[in-house]
Amino acid sequence: MISAVRSSKQVARAARPLAALSKTTLFSTPAVQARRHLTINAAAASAVATQRLSSPYRTQVRNYADYVVKVPHMADSISEGSLKQWNKKVGDFVALDEEIATIETDKVDVAVNSPKSGTIVELYAKEEDTVAVGADLFKLELGDAPAGGAAPKEETKKEEVKEEPKKEEAAATPKKEEPKKEEPKKEAPKKEAPKPVASKPVAASSETPAAPVAFSREERSVKMNRMRQTIAKRLKQSQENAASLTTFNEVDMTNLMKLRSNYKDAVLKKHNVKLGFMSAFVKASCYALKELPAVNARIEGDSIIYNDYVDVSVAVATPKGLVTPVIRNAESLSFVEVEKSIAQYGAKARDGQIAIEDLSGGTFTISNGGVFGSMMGTPIINMPQSAILGMHAIKERPVAVDGKVEIRPMMYIALTYDHRIIDGREATTFLVKLKEVIEDPVRLLLDV
């Protein structure tokens, strides 16, 4: 029994060095140390991730958030339009207020500008699609311009283009340092006289060009733009709703042409605007409309609305169709002020910059078909107005003046009016008063 206890103690004493050895060797191996380093690195990465969720990094994430741009409000009477053109594509950077797209409406083309700066990540509509006001148009990833943006790239492209001709010139010019070795001239083989060959009618007919076609029966389908569609609807609406009637008269343009010839240079020098005939007809119309207010009125339901002011719509032809910008309170403007307004609207029409506000309203319309050589015509009323004046080309014709036949520059004028509100007496009187003022412009100064 005593020997058994002694043997167990000896075993325990022998095991102590082994236990100490295992602590120093087994837990200090490279594999265990690597595991300890991995644990430390994982903890550090977790701390870094926690730090990135702090406020500075969250602010950076917000700065690069997405922003959806919607179709802007264009006018009270316009609820949709056709996407005419994209000026940018996905991946392009756009600055604040930079034009992104153009929307064609019933009246004018509306430019869509970017409300923020960023990069386009998605387009929600294609060209020629119909887009409604308030619908999603495109998506931006907000942020500043990328480093080395589009401008430097364009400059590098220009430099490359400039360098390419230089390289071509250098390649085209022979190098003087390396003179070409002269090779012995070889005698050119003597050319034998060509043998006569019988002409082949088939080959000759194939070389001759085909005879031009005398006529063509091809057809092309072109979609009407929104402005043209609206013009067509309104013209048809005018014919269906108004009781239209046209009356004519003629005007001797001698005195007005003399007035213009005497003062056009002075007006151009002082006011930097050309003096034309349109300003005289606008002022003469205001004079006649004051005497006959029914021609300046309109119908709304069962009521007649009389206007104490004159807003003259001047018809201007554009590539897309006819537009009628409005000269506000024309009765209070001078000749020069009217000419300036017309010139301004003409420039806007040519550049496609007429705004919807320029076209809204109007109590009376003047259309000058004479600039295209029209001798006579019956203009269509611009609803909801009640009358429209048509001017025509000035032509020299023989007329009776004080019992003698003289050649005078004459113009036919026409007034199309809504017979529901304007009687024939008022329409005829309007043209007579207009004729009197145009033939004697001094009446406008004296108001007689």
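- Note on Glu406 versus Lys404: no salt bridge recorded, every NZ/NE/NH1/NH2 to OD/OE distance being 4.0 Å or above.
- Separation of atoms CG (Leu256) and CD1 (Ile438) is listed at 5.5 Å; rounding is to 0.5 Å.
- Note: Phe364 and Phe430 meet the aromatic proximity criterion, with ring centroids under 6.0 Å apart.
- Between Ser285 atom OG and Ile388 atom CD1 the span is 11.0 Å, to the nearest 0.5 Å.
- The two residues Asn307 and Asn296 come nearest to each other via the heavy atoms ND2-O, 2.8 Å.
- Pro441 places a side-chain heavy atom less than 4.5 Å from the side chain of Asn255.
- Sorted by first then second residue, the salt bridge (Lys or Arg N to Asp or Glu O under 4.0 Å) pairs that include residues 278-307, not counting sequence neighbours, are Lys290-Asp447, Arg298-Glu300.
- Considering every non-hydrogen atom in both Ile381 and Ala387, the closest pair reads CG2-N, 4.1 Å.
- The heavy-atom pair separating Arg328 from Ser360 by the smallest distance is NH2-O, 2.7 Å.
- Residues that satisfy the side chain to side chain contact (heavy atoms under 4.5 Å, CB included) test with Ala355, not counting sequence neighbours, are Glu357, Asp358.
- Screening residues 123-138 for side chain to side chain donor-acceptor pair (under 3.5 Å), with sequence neighbours left out, gives Lys70-Asp136.
- Using a 4.5 Å heavy-atom threshold, the side chains of Lys139 and Tyr67 count as separate.
- The side-chain heavy atoms of Ile103 and Ser82, taken from C-beta on, include no pair separated by under 4.5 Å.
- In this structure, CG on Asp265 lies 10.0 Å from NZ on Lys269, to the nearest 0.5 angstrom.
- Contact record, Ser313 with Gly361: OG-O, 4.0 Å, taken as the closest heavy-atom pair.
- Trp86 places a side-chain N or O within donor-acceptor distance of the main-chain N or O of Ala125, the cut-off being under 3.5 Å.
- Remark: side-chain polar atoms of Glu122 are not paired, donor with acceptor, to backbone N or O of Val90 under 3.5 angstrom.
- Side-chain N or O atoms of Thr428 include one that pairs as donor or acceptor with a backbone N or O of Gly424 at under 3.5 Å.
- Sequence neighbours left out, the pairs with a member in residues 80-92 that pass salt bridge (Lys or Arg N to Asp or Glu O under 4.0 Å) are Glu80-Arg226, Lys84-Asp109, Lys88-Glu98, Lys89-Asp92.
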inquiry  = As a quick check of understanding, evaluate side-chain contact (heavy atoms from CB on, under 4.5 Å) for Thr365 and Val312, giving each step before the final call.
reply    = CA-CA 6 Å; Thr365 299; Val312 179; over 6 Å; no

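- At distances below 3.5 Å, not a single donor-acceptor pair connects side-chain atoms of Ser238 with backbone N or O atoms of Asn382.
- Contact check for Phe138 versus Val121: no side-chain heavy atoms found under the 4.5 Å cut-off.
- Counting only heavy atoms from C-beta outward, the side chains of Leu389 and Leu434 approach each other to under 4.5 Å.
- In terms of modelled atom types and a separation under 3.5 Å, the side chain of Ser334 and the main chain of Glu337 share a donor-acceptor contact.
- When all heavy atoms are compared, the tightest approach of Leu96 to Pro115 is CD1-O, 2.8 Å.
- Distance check, rounded to the nearest 0.5 Å: CG of Leu142 to OG1 of Thr119 gives 9.5 Å.
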message = Please evaluate residues Glu439 and Val251 with respect to the criterion side-chain contact (heavy atoms from CB on, under 4.5 Å), reporting the C-alpha separation (whole Å), side-chain torsions for both, the decisive distance (0.1 Å), and the verdict.
response = CA-CA 7 Å; Glu439 293 183 345; Val251 179; 3.9 Å; yes

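- Between Asn113 and Ile100 there is no side-chain heavy-atom pair separated by less than 4.5 Å.
- For Arg260 (side chain) and Leu275 (main-chain N/O), a donor-acceptor pair under 3.5 Å exists by modelled atom type.
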key: Derivation of the side-chain contact (heavy atoms from CB on, under 4.5 Å) call for Leu431 and Ile413   = CA-CA 8 Å; Leu431 285 185; Ile413 55 176; 3.9 Å; yes

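- If you take OG1 on Thr324 and CG on Leu359, they are separated by 6.0 Å, rounding to the nearest 0.5 Å.
- Separation of atoms CZ (Arg228) and CD1 (Ile231) is listed at 4.5 Å; rounding is to 0.5 Å.
- Summarising the geometry of Ile366 relative to Phe281, their closest heavy-atom pair is CD1-O, 4.0 Å, with the distance given to 0.1 Å.
- For Asp351, the CG atom counts as densely surrounded, since its 6.0 Å shell holds more than 12 non-hydrogen atoms of other residues, nucleotides or ligands.
- Considering only heavy atoms from C-beta on, Val316 stays 4.5 Å or farther from Lys348 through its side chain.
- The backbone N or O of Val273 lies less than 3.5 Å from no partner atom in the side chain of Glu339, so there is not a single donor-acceptor pair.
- Under the 4.5 Å side-chain criterion, counting only non-hydrogen atoms from C-beta, Phe277 is not in contact with Met411.
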request  = Show your working on side-chain contact (heavy atoms from CB on, under 4.5 Å) between Leu333 and Ile327 and close with a plain yes or no.
outcome  = CA-CA 9 Å; Leu333 301 179; Ile327 302 175; 3.6 Å; yes

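- The salt bridge (charged side-chain N to carboxylate O under 4.0 Å, His left out) test with Asp252 singles out one residue from Lys435, Arg408, Lys258, and that residue is Arg408.
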Tabulate below the donor-acceptor pairs under 3.5 Å that side-chain atoms of residues 390-398 make, not counting sequence neighbours, or state none.
residue : atom : partner : partner atom : Å
His392  : ND1  : Tyr412  : O            : 2.8
His392  : NE2  : Gly377  : N            : 2.9
Arg397  : NH2  : Glu250  : OE1          : 2.7

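- Sequence neighbours left out, the pairs with a member in residues 413-425 that pass side chain to side chain donor-acceptor pair (under 3.5 Å) are Thr246-Thr416, Asp418-Arg420.
- In this structure, the side chain of Gln229 engages the main chain of Met224 through a donor-acceptor pair within 3.5 Å.
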